[in-house]
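The block underneath contains the structure these notes are about, expressed in structure tokens.
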Amino acid sequence: MNNLNDCLYDCPVIPAVKDEEYIEQCLKSDSEIVFVLYGNICSISDICKLIKESGKKCIVHADLINGLAGKEIAADFIKKYTEADGLISTRTPVIKRAKEIGLYTVLRQFVIDSMSYENIAKTVDACHPHAVEILPGPMPTVIADIVKAINAPVIAGGLITKKSQIIELIERGAVSVSTSARNLWE
């Protein structure tokens, strides 16, 4: 897991791939990590294999894979049937199970109001993910406060469309930024 943490700190921009059209460009990017935000139980193994063959780390968003339920068994499926290095989920039981079986874990949290913002530290303490992805990303002050409040690397994600946003978020303490904006992958 340390290797993935090192990669996370070395990858200011993580490609978030959401369909087949994106995969080729993502494989050509400098990033060592790819977030997979699409697929189904029939295709996810092939998607992961392609990413791994390109020498990149593959982290699958289990909640977005068609055919997987939001249950702990999703982590077991990803571990057994794919070459994924890790798993993203909004669900703490899935994160806990993924950690138990040796997958790198990224807890995805949406900050939509003050209540969700105030609960982030509690949620992180409940499942101890390797990293936390905060959405929407373009909230530098909120990201800075979350970085101080939790004991896990913070990734900013969602609605990031400009290089200036990436720079500001990194300056505020995010270790990296995930984005599907292909123009930012280089």
Side-chain angles (χ1 to χ4, degrees), residues 1-68 74-75 77-79 81-90 94 98 103-110 129-140 143 153-186:
M1 294 305 138
N2 282 342
N3 186 25
L4 253 165
N5 263 343
D6 293 343
C7 288
L8 191 64
Y9 282 94
D10 291 339
C11 293
V13 178
I14 299 170
V17 180
K18 56 184 183 177
D19 61 35
E20 286 295 321
E21 180 184 330
Y22 283 50
I23 199 81
E24 287 303 318
Q25 185 175 352
C26 137
L27 297 178
K28 295 174 186 172
S29 76
D30 292 335
S31 180
E32 296 178 46
I33 301 173
V34 176
F35 283 3
V36 178
L37 309 181
Y38 78 101
N40 59 55
I41 59 172
C42 295
S43 66
I44 193 60
S45 180
D46 292 336
I47 295 166
C48 292
K49 183 177 181 181
L50 183 63
I51 292 167
K52 295 297 289 181
E53 286 175 349
S54 75
K56 298 183 182 301
K57 305 290 184 194
C58 178
I59 302 179
V60 174
H61 194 319
D63 302 356
L64 300 179
I65 303 305
N66 290 329
L68 287 182
F77 179 89
I78 296 295
K79 176 76 173 183
Y81 295 106
T82 77
E83 296 178 35
D85 298 287
L87 177 145
I88 303 166
S89 182
T90 59
V94 175
L103 290 170
Y104 188 84
T105 55
V106 178
L107 175 67
R108 182 178 258 198
Q109 292 283 275
F110 292 91
H130 293 99
V132 178
E133 183 182 27
I134 302 296
L135 285 89
M139 304 180 300
I143 295 292
V154 172
I155 303 163
L159 301 176
I160 297 168
T161 59
K162 299 177 187 133
K163 185 177 179 180
S164 61
Q165 291 172 307
I166 295 169
I167 293 167
E168 184 173 15
L169 289 162
I170 299 291
E171 287 174 349
R172 295 291 186 111
V175 297
S176 55
V177 171
S178 70
T179 182
S180 60
R182 295 180 279 182
N183 63 310
L184 298 174
W185 291 355
E186 294 301 324

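We're numbering straight along the sequence, starting at 1.
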Under 3.5 Å donor-acceptor, Lys56 side chain and Ser31 backbone: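 Pair found, side chain donor or acceptor close to backbone of Ser31.
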Under the side chain to side chain contact (heavy atoms under 4.5 Å, CB included) rule, collect the residues that match up with Lys49, sequence neighbours excluded.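 Checked Lys49 against side chain to side chain contact (heavy atoms under 4.5 Å, CB included); matches are Glu53, Glu83.
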Taking only residues two or more places apart in sequence, or in another chain, which ones meet Asp46 in a side chain to side chain contact (heavy atoms under 4.5 Å, CB included)?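 If we apply the side chain to side chain contact (heavy atoms under 4.5 Å, CB included) test to Asp46, skipping adjacent residues, there are no hits.
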Taking atom [atom1] of [X] and atom [atom2] of [Y], what is their separation to the nearest 0.5 Å?
X	Y	atom1	atom2	result
Cys7	Ile14	SG	CD1	9.5 Å
Ile134	Ile143	CD1	CD1	5.5 Å
Ile51	Ser54	CD1	OG	7.0 Å
Lys57	Phe35	NZ	CZ	13.5 Å
Ile59	Leu4	CD1	CG	5.0 Å
Leu103	His130	CG	NE2	9.0 Å

Listed by chain and number, what are the salt bridge (charged side-chain N to carboxylate O under 4.0 Å, His left out) partners of Glu168, not counting sequence neighbours?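 Expected list: Arg172.
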Going by salt bridge (charged side-chain N to carboxylate O under 4.0 Å, His left out), name the residues that satisfy it together with Lys52, two or more places apart in sequence or in a different chain.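 Per chain and number, Lys52 pairs via salt bridge (charged side-chain N to carboxylate O under 4.0 Å, His left out) with Asp85.
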Atom of [X], atom of [Y] and distance for their closest heavy-atom approach:
X	Y	answer
Gly86	Ile78	O-CG2, 4.5 Å
Ala98	Thr105	CB-CG2, 3.6 Å
Cys26	Ser29	O-OG, 2.8 Å
Lys18	Tyr38	O-CB, 3.2 Å
Ser89	Leu87	CB-CD2, 3.9 Å

Just to verify, what does [X] make a side-chain hydrogen bond (donor to acceptor under 3.5 Å, both in side chains) with, not counting sequence neighbours?
X	value
Glu32	none
Ser176	none
Thr90	Asp63
Thr179	none

Could you pull out all donor-acceptor pairs under 3.5 Å where a side-chain atom in residues 154-165 meets a protein atom, sequence neighbours excluded?
from	atom 1	to	atom 2	distance (Å)
Gln165	OE1	Thr161	N	2.7
Gln165	OE1	Lys162	N	2.9

Residue pairs involving residues 4-25 (criterion ring pair (Phe, Tyr, Trp, His ring centres under 6.0 Å); sequence neighbours excluded):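 Applying ring pair (Phe, Tyr, Trp, His ring centres under 6.0 Å) to every pair that reaches into residues 4-25, excluding sequence neighbours, yields Tyr22-Trp185.
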Results of ring pair (Phe, Tyr, Trp, His ring centres under 6.0 Å) for Phe77 - residues two or more places apart only: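 Tyr81.
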Working note: Leu184 + Val177, criterion side-chain contact (heavy atoms from CB on, under 4.5 Å); need CA distance, chi angles, decisive distance, verdict. CA-CA 10 Å; Leu184 298 174; Val177 171; over 6 Å; no
Report the C-alpha separation of Ile47 and Thr82 in whole Å, then their side-chain angles, then the decisive distance to 0.1 Å, and conclude whether the side-chain contact (heavy atoms from CB on, under 4.5 Å) test is met. CA-CA 9 Å; Ile47 295 166; Thr82 77; over 6 Å; no
Hey, could you give me each pair passing salt bridge (Lys or Arg N to Asp or Glu O under 4.0 Å) that has a residue in residues 175-186? Not counting sequence neighbours.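 Listed by first then second residue: Glu21-Arg182.
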pair Cys48-Val60: side-chain heavy atoms closer than 4.5 Å: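 Side-chain contact under 4.5 Å: yes.
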